[in-house]
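Each chain gets a letter, A, B and so on, in the order its sequence line appears, and its residues count up from 1.
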Amino acid sequence: MAILSGSCRFGLWNVHVSWQDDLVYRVRFAREGIPGPVPEEILRYCAGRPSDLSTLRSVATEGETTFARIYRAVREVPCGETVTYGEVAWMVGTAPRAVGAAMARNPTPLVVPCHRVVAKTGIGGFSPDLAIKEALLAMERQRDVCMPEKGEVNR
DNA sequence: TCCCGCTCTGAGT
DNA sequence: ACTCAGAGCGGGA
């Protein structure tokens, strides 16, 4: 079966997704939308409804390269929480700048939640628009997009 | 090999 | 409190 492509809306942006089954090849933010299907969990997430993006896999986490290990570490960060570039670097055994570079080239944002990685002082960067990162973090903090953790009933 | 990046720390003011 | 240089790791040209 062929790889599917489609987009959904997140605020002023369109989220383009290339995917097949539970494997996501590419996610990018664009001005224009494209017709086609988007994985259910990403649809729910972008709509601000409860969703669990950890049910999806990303091609970015495959392999034993440093970047792949960085992406796997970032996937461990729970919805609604953040870590710093330096903390991720420490977990993986690399340098903070390498983490920044990996985030900048992340082929599948959202699935690999690079928006949850912030600078020790300040929010850090995000392309194509820092406002997306701010909006994602605000959404995860305020609304209940995050699925309740196993064993965690209420807060 | 050289250059750049979504960094961090320490020294200097 | 602010600025700046240098360390530092990977990837791409």
Side-chain angles (χ1 to χ4, degrees), chain A residues 3 5-20 22-34 38-39 41-147 149:
Chain A
I3 297 177
S5 298
S7 72
C8 63
R9 210 62 191 273
F10 179 75
L12 299 172
W13 293 85
N14 290 281
V15 184
H16 290 211
V17 188
S18 302
W19 60 292
Q20 183 179 30
D22 65 341
L23 181 61
V24 178
Y25 293 86
R26 200 109 201 150
V27 175
R28 71 186 181 91
F29 294 90
R31 295 294 186 183
E32 335 76 40
I34 55 169
V38 168
E41 289 304 318
I42 293 182
L43 277 180
R44 295 168 60 84
Y45 182 84
C46 288
R49 297 161 54 206
S51 58
D52 185 5
L53 294 178
S54 71
T55 59
L56 295 170
R57 292 181 300 134
S58 164
V59 290
T61 60
E62 294 173 354
E64 285 308 317
T65 64
T66 299
F67 272 29
R69 288 200 297 274
I70 291 173
Y71 294 137
R72 284 197 289 271
V74 171
R75 289 213 67 180
E76 305 287 314
V77 182
C79 184
E81 296 182 24
T82 59
V83 288
T84 66
Y85 297 99
E87 285 166 350
V88 175
W90 181 83
M91 288 187 268
V92 174
T94 184
R97 277 196 96 165
V99 176
M103 295 306 97
R105 301 186 196 135
N106 177 11
T108 60
L110 302 190
V111 182
V112 175
C114 58
H115 59 281
R116 295 178 194 149
V117 186
V118 299
K120 192 179 188 186
T121 296
I123 191 173
F126 196 90
S127 58
D129 190 339
L130 191 54
I132 298 173
K133 187 175 188 174
E134 293 167 341
L136 290 171
L137 291 174
M139 181 179 78
E140 292 187 358
R141 267 197 313 268
Q142 291 164 19
R143 267 189 269 168
D144 55 340
V145 276
C146 305
M147 295 283 276
E149 287 298 318

Stretch residues 89-104 of chain A: residues that reach within less than 4.0 Å of DNA chain C through a heavy atom: A:T94, A:A95, A:R97, A:A98

Set of residues satisfying salt bridge (Lys or Arg N to Asp or Glu O under 4.0 Å) with respect to A:R97, sequence neighbours excluded: none

Close approaches to DNA chain C from residues 124-135 of chain A, in residue order (heavy atom, under 4.0 Å): none

Heavy-atom side-chain proximity of A:V27 to A:H16 below 4.5 angstrom: no

Give the table of side-chain donor-acceptor pairs shorter than 3.5 Å for residues 104-112 of chain A, with sequence neighbours excluded, one pair per line with atom names and distance.
{"unit_1": "A:N106", "atom_1": "OD1", "unit_2": "A:T108", "atom_2": "N", "d": "2.9"}
{"unit_1": "A:N106", "atom_1": "ND2", "unit_2": "A:V112", "atom_2": "O", "d": "3.0"}
{"unit_1": "A:T108", "atom_1": "OG1", "unit_2": "A:S58", "atom_2": "OG", "d": "2.6"}

Nucleic acid contacts of residues 65-76 of chain A, taken as heavy-atom distances under 4.0 Å to DNA chain C: A:T66, A:F67

Note, A:V74 side chain near A:P113 side chain (heavy atom, < 4.5 Å): yes

Gap between atom CH2 of A:W19 and atom CG of A:L56 - 0.5 Å precision: 8.5 Å

Side-chain (A:E87) to main-chain (A:T84) donor-acceptor, under 3.5 angstrom: yes

Minimum side-chain heavy-atom gap A:V17-A:R26 below 4.5 Å: no

Stem list, DNA chain B (Watson-Crick or G-U pairing under 3.5 Å, at least 3 consecutive pairs): B:1-5 with C:9-13, B:7-13 with C:1-7

5' to 3' contact window, DNA chain B with chain A (heavy-atom distance under 4.0 Å): B:dG5 to B:dT9

Under the salt bridge (Lys or Arg N to Asp or Glu O under 4.0 Å) test, residues paired with A:D22 that sit two or more places apart: A:R57

A:L12 CG: over 12 foreign heavy atoms closer than 6.0 Å: no

Distance, nearest 0.5 Å, that separates CD1 of A:I132 from CZ of A:F29: 5.0 Å

cation_pi(A:R31, A:W13) dist<6.0 Å, angle<=45: yes

Which residues share a side-chain contact (heavy atoms from CB on, under 4.5 Å) with A:C8, sequence neighbours left out: A:V15, A:V38, A:I42, A:L43, A:C46

Opening and closing nucleotides of DNA chain C in contact with chain A, under 4.0 Å to non-hydrogen atoms: C:dA7 to C:dG11

Contacts of type side-chain contact (heavy atoms from CB on, under 4.5 Å), residue A:A89, not counting sequence neighbours: A:T94, A:P96, A:V99

Distance in Å, A:Q20 CD paired with A:Y25 OH, rounded so as to fall on 0.5 Å steps: 4.5 Å

Stepwise salt bridge (Lys or Arg N to Asp or Glu O under 4.0 Å) check, A:E64 with A:R72: CA-CA 10 Å; A:E64 285 308 317; A:R72 284 197 289 271; 3.4 Å; yes

Spatial distance of atom CE (A:M147) from atom SG (A:C79) [nearest 0.5 Å]: 10.5 Å

Residue pairs, two or more places apart or on separate chains, that pass salt bridge (Lys or Arg N to Asp or Glu O under 4.0 Å) and touch residues 122-141 of chain A: A:R116-A:E140

